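These numbers were taken from a predicted model, which means no experiment stands behind them. Lettering of chains follows the sequences in order, A, B, ..., and the numbering in each one begins at 1.
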Number of protein chains: 2
Amino acid sequence: MTAQKKGAGGKQPTINDVAALAGVSKKTVSRVINRSEFLTEKTRKAVEQAIETLGFVPNPQARALAFRRNFLIALLHDNPNAQTVLNFQQGVLDAIKDSDLALLVRPVDRGSDGMLGDVRTFLEKQRPIGALLLPPISENDDLAALCEDLGVRYVRIGSAPLDDAKHCVSSNDREVVAEAVRALIALGHRRIGFVRGPVGFRSAAEREKGFMEALAEAGLDLPASFNAPGNYRYTAGIEAGEALLSLPEPPTAIFCSNDEMAAGVMSVAHAKRIDVPGALSIIGFDDSPTATHIWPALSTVRWPIREMGVRAAKTLVPDFLPLATKVDERDNGVLNSTFIQRQSVAPPQS
Amino acid sequence: MTAQKKGAGGKQPTINDVAALAGVSKKTVSRVINRSEFLTEKTRKAVEQAIETLGFVPNPQARALAFRRNFLIALLHDNPNAQTVLNFQQGVLDAIKDSDLALLVRPVDRGSDGMLGDVRTFLEKQRPIGALLLPPISENDDLAALCEDLGVRYVRIGSAPLDDAKHCVSSNDREVVAEAVRALIALGHRRIGFVRGPVGFRSAAEREKGFMEALAEAGLDLPASFNAPGNYRYTAGIEAGEALLSLPEPPTAIFCSNDEMAAGVMSVAHAKRIDVPGALSIIGFDDSPTATHIWPALSTVRWPIREMGVRAAKTLVPDFLPLATKVDERDNGVLNSTFIQRQSVAPPQS
DNA sequence: GTCATTTTGGTAACCGGTGTCAATATTGCC
DNA sequence: GGCAATATTGACACCGGTTACCAAAATGAC
């Protein structure tokens with residue numbers, strides 16, 4: 001029972017009450033709150049005792065005003081994938097759990113003209129210590145510049161380093177995509193299709209690079225007809241599936257740049273009575289809930305999104321985190337994604 | 001171009017700067033900010049002009065301190081469904097868009113012992129104006145009592161009224177489930193299975209009631225073997241599917257209490273080569289992304305979650321919202337869910 | 001024109017913390 | 001013991017707004 005029950009009407013005790021009770025000045029209490037090192041053990045104990053007795057909780061608004069900084073960090077995201085956002089968010093919360101920080105969430109409308117202005121207004125009004133930028137908006141350099149300009153720290157999350165390690169946490173998507181495609185090749189696949197991500201997305205480019213690398217290693221090439229455009233949406237997967245699976249000699253395996261599009265391709269396969277994985281292997285990317293909710297379960301690449309949230313928070317506000325299991329200076333901020341094998345992949349028929 | 005570009009180092013202008021420029025006292029500026037009525041048109045214009053020129057943004061921390069209240073509202077959620085949380089969140093943000101409010105997000109671990117204590121600590125530390133409780137934690141009366149005790153307003157979101165209208169926004173799930181089941185019956189289905197939600201969840205109970213109502217109306221009953229337990233997870237859907245579809249006389253249609261379980265049932269049908277919807281119709285609930293990402297697309301019930309977010313915010317903090325399209329006093333806080341027909345439903349065979 | 005009443009603007013105190021810097025222990029060293 | 005160096009603590013202004021209260025100006029009644 002650490003929580004002291006206060007009568008509903010009873011006012012919250014202030015630092016002055018604590019100071020009076022402990023017989024010290026409010027500044028000393030402030031020092032205890034902020035874990036100043038220049039304190040006698042005896043004084044500290046006395047103050048802590050008084051805090052405990054009164055059930056004192058420092059007023060964050062007052063602190064924020066005095067510190068000229070809010071104890072808030074902002075999570076800026078466009079929402080391509082709700083589960084990703086929430087997992088990341090959970091990671092951030094894991095990291096700031098025992099700190100004084102709280103998390104502000106702010107969806108951003110990537111498309112809109114006023115986007116930059118909106119974010120500026122938001123940051124000016126809330127003045128968070130820092131901002132975390134989730135992809136795809138993390139790829140927007142103007143946003144990073146805006147944070148810089150406003151003196152708001154920032155960390156960008158990406159599928160490959162977007163910035164120096166102080167400002168970026170990323171995963172090694174390219175390598176893992178290559179690994180996944182190598183697995184297809186090892187099974188005997190030679191006609192492998194590709195469904196691209198949206199133009200201009202770094203994540204899409206990385207996945208494509210990984211795919212191409214694996215193909216090149218094996219001396220295979222990608223016919224234009226096997227290379228379908230996409231935009232990370234289910235409907236794009238449907239279109240790509242229609243296109244690739246209507247070819248006279250369709251691919252025996254298709255790598256899709258994300259799970260939703262893979263689900264679309266799989267739907268087309270079902271509609272065309274093409275057996276998955278017997279006649280067609282499919283791989284996606286993200287390990288979204290969809291990956292395990294479709295049948296057969298989708299092989300995919302999981303990026304360590306929650307862990308990236310933890311890492312991002314530690315990178316953003318190391319000085320506000322308790323006992324901060326510090327991020328190694330020499331760390332480059334790259335975390336490992338994993339290729340996950342499920343039932344959607346098998347050797348090609350005969 | 002409302003945003004004024006400030007040099008990076010340049011300090012944020014304060015109310016004093018505005019007062020000086022406009023040639024009035026800070027009190028007058030404060031009156032303008034807070035839309036006081038006792039002001040000459042001329043004075044107000046002058047102050048607004050100065051604010052515009054300086055790009056002044058009132059410091060929310062200072063206001064919060066002076067007002068003795070934070071301009072924050074908290075969203076407390078356990079995460080059964082990421083998309084739901086995010087959609088609701090979006091609705092809340094729509095509602096508070098032009099206010100001074102910001103949204104704090106706080107996942108809650110329903111299972112953990114310290115849950116109540118954690119939430120208490122959070123609320124005491126952040127002191128938000130109010131809290132929004134998403135299901136399933138909205139069903140926890142202790143949480144509501146805690147808010148009451150701490151003087152934090154709250155609104156509970158539920159599948160049926162959980163509280164008086166001042167504290168609750170809900171949808172009419174029961175009716176719409178009944179409607180969906182009636183649709184099955186109208187198509188000719190007589191052997192209809194049911195996959196329940198988790199025990200103790202209000203939402204699960206409501207969906208079950210709706211299902212039973214429709215059956216009763218048609219003079220049908222639910223054999224025990226057609227009534228499968230579930231917990232809203234995909235794996236529960238798999239188990240339920242295995243059970244129901246292995247019966248000598250399996251149901252021709254199955255209503256699942258949520259989409260994930262419906263996806264599980266559908267996977268089993270695919271594995272057993274049972275044609276959906278030819279030999280088996282399936283209906284889910286939630287209209288989650290999964291519903292449209294599986295094949296065939298799932299008929300389901302969509303609850304107006306984003307709109308509920310808007311409504312919840314309006315109910316929680318009507319006094320902080322601009323021109324608040326006020327919630328009608330006579331409104332009971334119930335919004336309408338919708339039955340959505342997709343490809344997973346058809347008449348029973350022969 | 002004078003007095004009472006209503007509007008408006010100004011001053012000072014305050015919200016609950018923190019920074020600065022000086023004042024007061026405490027310790028080390030000769 | 002005396003003095004310098006160092007460790008602790010406190011006084012006070014200040015963060016950027018708000019309210020309380022008062023004074024000045026404007027308006028209306030006689």
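Straight-line distance from the CG atom of D17(B) to the C1' atom of dG16(D): 11 Å, rounded to whole Å. Rounded to whole Å, atom P of dG9(C) lies 17 Å from atom CG of N16(B). Between the CG atom of N70(A) and the C1' atom of dT18(C) there is a distance of 15 Å, rounded to whole Å. Spacing between atom CG of N59(A) and atom P of dT18(D) amounts to 16 Å, rounded to whole angstrom units. One atom, CZ of R31(B), and another, P of dT19(D), lie 10 Å apart when rounded to the nearest Å. Rounded to an integer number of Å, the gap from CZ of F67(B) to C1' of dT19(D) is 10 Å. Taking atom CZ of residue F71(A) and atom C1' of nucleotide dC15(D), one finds them 13 Å apart after rounding to whole Å. As a whole-Å value, the separation of K26(A) NZ from dT18(C) C1' is 9 Å.
The side chain of F56(B) lies closest to dG17(D), out of dT19(D), dG17(D), dC15(C). Checked against dG17(D), dT19(D), dG10(D), the side chain of K27(B) finds its nearest nucleotide in dT19(D). The side chain of A66(B) approaches dT18(D) more closely than any other nucleotide in the set dT18(D), dG17(C), dG19(C). Distance from the side chain of S30(B) is smallest to dT19(D) among dG10(D), dT19(D), dG19(C). The side chain of R68(A) has dC15(D) as its nearest neighbour among dC15(D), dT19(D), dG17(D). In the set dG17(D), dT8(D), dG10(C), the nucleotide with an atom closest to the side chain of T40(A) is dT8(D).
An OP1 or OP2 oxygen of dT18(D) is reached within less than 4.0 angstrom by a side-chain nitrogen or oxygen of R63(B). Distances shown here put a side-chain N or O of T43(A) below 4.0 Å from the OP1 or OP2 atom of dT9(D). Taking 4.0 angstrom as the limit, N34(A) places a side-chain polar atom (N or O) nearer than this to OP1 or OP2 of dT18(C). Phosphate proximity of dG9(C) to S25(B): absent, as no side-chain N or O sits under 4.0 Å from OP1 or OP2.
Going from atom CZ of R110(A) over to atom CD1 of I137(A) covers 8.5 Å, rounded to the nearest 0.5 Å.
For the residue pair Q12(A) / R127(B), a side-chain donor-acceptor distance below 3.5 Å is found, with atom types taken as modelled.
Taking 4.0 Å as the cut-off between side-chain N and carboxylate O, R120(A) and D142(A) do not count as a salt-bridged pair. Taking 4.0 Å as the cut-off between side-chain N and carboxylate O, D319(B) and R153(B) count as a salt-bridged pair.
Judged as a ring-ring contact (aromatic ring centres under 6.0 Å, His included), and not counting sequence neighbours, the contacts of Y154(A) are H167(A).
Residues L75(B) and L104(B) form no side-chain contact, since every pair of their non-hydrogen atoms from C-beta on lies 4.5 Å or further apart.
Overall bending of the helix from dG1(C)-dC30(D) to dC30(C)-dG1(D), expressed as the angle between end axes built from five pairs apiece, is 40° (10° steps).
Using a 4.0 Å heavy-atom distance criterion, V29(A) is classed as making no nucleic acid contact.
The side-chain tip of R63(A) points at the ring of F71(A) from less than 6.0 angstrom away and within 45° of straight on. Cation-pi geometry between R31(A) and F38(A) is not met: the NZ or CZ atom fails to fall both under 6.0 Å from the ring centre and inside 45° of the normal.
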